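Predicted model only: the values in this text are computed from it and were never measured. First listed ligand is number 1; within each ligand, the first listed atom is number 1.
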Amino acid sequence: MPPLLSLLLATSALAAASQQDVIALFDKRALVKPITEIEGTLSDGSKATVYKVVVRSLPTDHAMGPWSPATLQDKGGYWEDTVDKKLYRVDAEYLKLLNTRGWNMFEADGTVHRTKDRTEFDKVARQELGGWSYDDALKGGVTNSVIELQPIEQIVTIFLPKNPQALAKLTMLRQARFSPRSGLGISTNGVRFFPPEPVDRITAFHNIAPLDPKGGHTGFGHEYHYHRAPSVMDHDTTGKVVGFALDGFAVRGPTEPDGSKPKDLDAIHGHDHGGLGYHYHVTDVWPYILGGFKGPLGTASLGDVDVCDATKTGGDGGKGGKGGKGGKKGPPGGGPPGGGPPEGK
Ligand SMILES: [Zn+2]
Ligand SMILES: [Zn+2]
């Protein structure tokens, strides 16, 4: 066989295999309809075939919550402390630790301060995105509280490049155009991956916004999303594909398939080895899921939509939304350069 022909055959066989994998890897319960392919425009303006994945956005493979404990007798979710960087269960012991710093997280009868409804949650959005001071928030906002909101199911269409392109230059989160609709990508159970929480903006008001035992909580758009991957929270060692980034590359669990710790990860937590192709690994340290993108991005929209034009993605990645002054700070805990707290919650 002429070398060129055999190369072409090998390439198409590879493409066919990866196509099947992407479709097969999604949890059928998450899909509103079968995954299809359409022609779309990626974030760099290039035309490409994209998978159209329509999901329900809430997990069917695990329960959500708890986030805030109702009283000091209860256990809430998990929060990475901004002072000692340890992951704490939000319970009486941790809330008392916060109070030793001059916070005021509960009543004398043990009732924990928490956001009760959408109205309260909206105040949090206003103060965090509007650049309020703690004193401003003391008057008309939410302070000294555990932030939580019940999620609502949403139909979301996410477009993933079918043949991800590895570019020479990485795109850090700060420069990337993603939105709360798209997140950074999607878990195989239909839940969106989000960038690291903007913890400095949250704790500026003596608030915390815990994640549940699977690494998720609810954002300003009522969407349930992950800041940490369930495979990290569950200490999974299968190295399996747990989702896809918005550039179409696979996101794997915290280990390699043989259980070993991933080596030589690049600045955005990806690498290419052993015939697996370029892939990201989730971890229990910043950036938790991924720190940027290897290739041009697809996009996402609310509802069941048929047009993929990622050049119109409204998100501004790391700019913090609506001029929130906290948005220009670096990542919590001094992560790699280029990763900042993004919009959303
Ligand atoms: Zn790997
Ligand atoms: Zn969040």
Side-chain angles (χ1 to χ4, degrees), residues 57-59 64-65 67-68 77-80 90 115 121 124-125 128-129 146-152 154 166 173 178-185 187 191-203 207-212 214-233 236-245 249-266 268-283 286-290 294 315 318 320-321 324 326-327 331-332 341-345:
S57 85
L58 295 183
M64 295 175 286
W67 297 286
S68 177
Y78 291 85
W79 175 252
E80 188 178 285
V90 178
T115 47
F121 195 81
V124 176
E128 284 185 16
L129 301 177
V146 184
I147 309 301
E148 67 174 2
L149 183 69
Q150 293 306 313
I152 294 176
Q154 299 172 336
L173 289 186
F178 57 90
S179 70
R181 301 285 170 251
S182 64
L184 306 179
S187 169
V191 175
R192 277 160 282 178
F193 293 132
F194 265 35
E197 281 194 88
V199 291
D200 293 336
R201 262 193 289 165
I202 298 169
T203 55
N207 293 329
I208 59 172
L211 304 174
D212 66 23
K214 296 292 181 182
H217 69 183
T218 309
F220 294 136
H222 276 286
E223 73 289 327
Y224 182 76
H225 58 268
Y226 295 130
H227 288 288
R228 287 175 181 244
S231 56
V232 168
M233 302 299 275
D236 182 86
T237 55
T238 63
K240 66 185 177 198
V241 173
V242 298
F244 295 91
F249 287 108
V251 180
R252 288 183 176 271
T255 72
E256 299 297 353
D258 66 3
S260 66
K261 194 174 178 342
K263 288 188 207 76
D264 303 322
L265 291 172
D266 61 23
I268 58 175
H269 264 219
H271 62 181
D272 185 350
H273 61 89
L276 295 176
Y278 187 84
H279 57 275
Y280 302 96
H281 282 282
V282 296
T283 57
W286 195 97
Y288 309 103
I289 296 176
L290 38 114
K294 183 72 172 171
E343 67 171 36
K345 181 153 188 63

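- Under the 4.0 Å criterion applied to side-chain N and carboxylate O atoms, K261 and E256 are not assigned as salt-bridge partners.
- When NE2 of H279 and OE1 of E256 are joined through the Zn ion (ligand 1), the resulting angle is 120° to the nearest 10°.
- Between H281 atom NE2 and H271 atom NE2, the angle centred on the Zn ion (ligand 1) amounts to 100° (nearest 10°).
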Would D266 and Y280 satisfy side chain to side chain donor-acceptor pair (under 3.5 Å), going step by step from the backbone distance to the final call? CA-CA 9 Å; D266 61 23; Y280 302 96; over 6 Å; no
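- Within a 6.0 Å sphere centred on CG of D258, heavy atoms belonging to other residues, nucleotides or ligands number more than 12.
- For F220 and F121, the gap between ring centers is short of 6.0 Å.
- Rounded to the nearest 10 degrees, the angle NE2 (H225) to the Zn ion (ligand 2) to NE2 (H217) equals 100°.
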